[in-house]
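One structure is given below, represented as structure tokens, and several questions about it will come after.
All values reported here derive from a predicted model rather than from experimental measurement.
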Amino acid sequence: MPRKKVNNYNDDSISALNGADRVRKRPAVIFGSDGIEGCQHSVFEIVSNSIDEAREGYGKLIQVTRYSDGSYEVEDHGRGIPVGYNKAEDKMNWELLFCEMYAGGKYNNDDGENYEFSLGLNGLGLCSTQYASEFMDVEIKRDGYKYTLHFEHGENIGGLKKEPYPRKDTGTKIHWKPDIEVFTDIDVSADYFLDIMKRQAIVNAGVQFVFRNQNGRKYDVTEFNYINGIEDHVKEVVGEDGLSSVQYFETEKKVRDRADKPEYKCKISVAVAFSNKVAQTEYYHNSSWLEYGGAPEKAVKNAFVYSIDNLLKKNNKYNKTESKINFNDVEDCLVLCMSSFSNVTSYENQTKKAITNKGIQEAMTEFLRHSLEIYFIENPIEAEKIATQVLINKRSREDAEKTRLNIKKKLTGNIDITNRIAKFVDCRSKDVNEREVFIVEGDSALGACKQARDPDFQAIIPLRGKILNCLKADYDKIFKSDIITDLLKVLGCGVEVKAKSNKNLSNFDINNLRWNKVIICTDADVDGIHIRTLVLTMLYRLTPTLIKEGKVYIAESPLYEITTKDKVYFAYDEVEKDRYLNEIGNQKFTIQRSKGLGENEPEMMSFTTMNPATRRLIKVMPDSVEQTAAIFDTLLGDNLQGRKDFIVDHGAEYIDQLDVS
């Protein structure tokens, strides 16, 4: 029985976090994480304040610097943060903004007081980032003065300093270093900055973003500026080979989330094109990238499926009894960027990765349906191309699903009397950790290996005929091959399909693999090596994880059989043959090339190929997979010129191995 703990839980047990401790001890509550993701979010909070200023027309340049000491700096040319005395709050504004949670100038956006639309809503970002910093230095230029503030570990040092500033430029510069005592990782990568600044340039047309990354004594500088915003971005993604032209729709509406709720403003901008080469959908709200979408994504799914389905029905594109399209069929050829703004926003949480406003979703759906209807009417040729491509996507998806189900049916299930594989010889053991399967060429090899094997843990599957070159064949042809489907069924782990058009075929699970070792066992002649290569090619294309996990082996067959009065030697290469001949010395011996596997005696087969104590196996190493893939593509793929070049460059290296008999 557990020992009863002393009960110290009483009225004095309750405590509250105050000041900087509210963030420093629980950063994940504000930033979503106490790791690098949380630190990244704290950085974005500072950048977003500068973006809100630029969107209101105050400053068109935002500069972000990543210093080599792990600190960051954001500088804008906006109005400058107000830092003077606030009569309503009876406090200095710098104290409210940098030291008070839920204090800010964006609570009255619905009245158009300071910002029409803003990324910041809750008055948390600036203060929270200051609290979570090792240090923060602030420089503000406004009203003819330059103000400076200094903070350390969430506490102000020295108060507000003020000096005359005769120049006319205004703005805010914040330099800070996230505190490693707050976050577990503070090294925000340059890639993160490049990503967010490009995204912000896309949705803030005409604002120039400059990123400086300190590299020794110099700075690597990258600039982003999309003059036409999301429209330029979609044109950049689609390139010159789009299925349609880039369309730009925008509107501004009054919406409400519930009948008894007040109305608020919502501005919607959409740039869209169709392509059969690229597909991409992005959603932004108040400049924040909605990684998880939310309301805009639901609106796009509804409107595009509704509009294109109507187009297909109107033009009699569907076959009789054919099912309607779904969003996957549209998304596979859709390039879309949607940017919306509202002065009332409901984010899922402080990390702002999805919005849930019902009013915004309904307005977007209605607007998109109407815009697409007009677009299709005014552009019948493009509408025809779009409808045809979506229908092709749908039918390809359905064909792939049928193929996947057929493959699953073929490759799964127990191998028993009702589900037998021709000439497959199983072993007795059910322990996957000791079971081995030998892939051999033909019936003669099957007979010899069957007699030489240990039936407790060694199984054999013969290849019936020549296996397909899986690098050249398409998936339909591959999965119609009984040889390949039987092999895959014996393996039991399914297949991995990487091609986008056939992604639904994949049903691989290595936990379903029935064997500890998959051993390719072929003759040592040219034909045997060719068959071995084709089997490896099949495994590389359909089950590459087996190679990566070290499950695939090649059984070495001896090249020479050297017989003396007392002993038989098996040499696996020329060097070993010469060594044995030196060892034999003046004794009489006979030497012959080893026979094919099917002609060998069971004892010899056991000794040279199957007995774990005496055989030689070559493990197909995972670190050679990429190199092997390149060789496969050159020698067995569709690159005919590459194959010719390889033979010209390297053919002489293999003259001694040519079989011209």
Side-chain angles (χ1 to χ4, degrees), residues 31 35-55 58-81 98 119 125-126 129-130 132-142 146-152 161 163 165 167-180 182-227 229 232-233 236 287-289:
F31 301 118
I36 191 62
E37 297 85 0
C39 187
Q40 288 171 347
H41 185 71
S42 74
V43 169
F44 186 67
E45 291 287 357
I46 304 301
V47 177
S48 65
N49 288 332
S50 296
I51 292 168
D52 289 340
E53 278 290 287
R55 193 182 308 110
Y58 300 102
K60 288 294 182 182
L61 172 65
I62 296 172
Q63 181 172 279
V64 178
T65 304
R66 177 181 182 265
Y67 291 104
S68 55
D69 66 354
S71 65
Y72 311 103
E73 183 179 273
V74 177
E75 182 176 8
D76 66 49
H77 300 275
R79 291 167 288 186
I81 298 173
F98 287 92
L119 263 167
L126 182 58
T129 302
Q130 188 278 114
S133 300
E134 180 181 324
F135 71 84
M136 178 179 281
D137 288 307
V138 184
E139 180 181 289
I140 298 161
K141 293 176 283 189
R142 64 173 289 146
K146 181 166 77 172
Y147 302 90
T148 56
L149 291 160
H150 179 69
F151 300 89
E152 293 181 9
K161 295 180 181 177
E163 61 183 81
Y165 186 74
R167 299 174 65 178
K168 293 182 179 181
D169 62 302
T170 59
T172 301
K173 180 164 66 176
I174 299 178
H175 180 209
W176 82 104
K177 183 177 182 180
D179 200 335
I180 193 64
V182 176
F183 299 107
T184 59
D185 187 353
I186 61 171
D187 185 16
V188 179
S189 69
D191 287 341
Y192 172 78
F193 285 99
L194 291 170
D195 180 61
I196 64 165
M197 293 180 75
K198 180 178 180 177
R199 291 183 184 280
Q200 292 309 312
I202 288 167
V203 293
N204 292 282
V207 178
Q208 184 177 9
F209 287 80
V210 178
F211 174 57
R212 302 192 315 149
N213 185 38
Q214 189 173 17
N215 185 2
R217 294 184 179 181
K218 297 181 180 180
Y219 292 88
D220 299 325
V221 179
T222 308
E223 298 185 11
F224 300 100
N225 191 355
Y226 287 79
I227 302 300
D232 284 349
H233 174 53
E236 180 182 64
S287 286
S288 184
W289 175 44

Could I get the full list of salt bridge (Lys or Arg N to Asp or Glu O under 4.0 Å) partners for R142, not counting sequence neighbours?
none

Applying salt bridge (Lys or Arg N to Asp or Glu O under 4.0 Å), name anything that partners K60, two or more places apart in sequence or on another chain.
none

Applying side chain to side chain donor-acceptor pair (under 3.5 Å), run through S189 and D191 and close with a yes or a no.
CA-CA 5 Å; S189 69; D191 287 341; 5.0 Å; no

So which pairs with a foot in residues 204-226 pass ring pair (Phe, Tyr, Trp, His ring centres under 6.0 Å), sequence neighbours left out?
F193-F211

Side-chain donor-acceptor pair under 3.5 Å between H175 and S71, yes or no?
yes

Does anything in residues 213-223 pair up under salt bridge (Lys or Arg N to Asp or Glu O under 4.0 Å), and if so which pairs, sequence neighbours excluded?
none

For F183 and F31, take the angle between the two ring planes, folded into 0 to 90°, and tell me which bin it lands in: parallel under 30, tilted 30 to 60, perpendicular over 60.
tilted

Which residues pass the salt bridge (Lys or Arg N to Asp or Glu O under 4.0 Å) test with D179, not counting sequence neighbours?
R24

Please determine whether a side-chain nitrogen of the Lys or Arg among E163 and K141 lies less than 4.0 Å from a carboxylate oxygen of the Asp or Glu.
no

Among all residues two or more places apart in sequence or in another chain, which pass the salt bridge (Lys or Arg N to Asp or Glu O under 4.0 Å) test with E152?
none

Would R66 pass as a cation-pi partner of Y72, given that its NZ or CZ must be under 6.0 Å from the six-membered ring centre and within 45 degrees of the axis?
no

So, H41 versus E37: side-chain donor-acceptor pair below 3.5 Å or not?
no

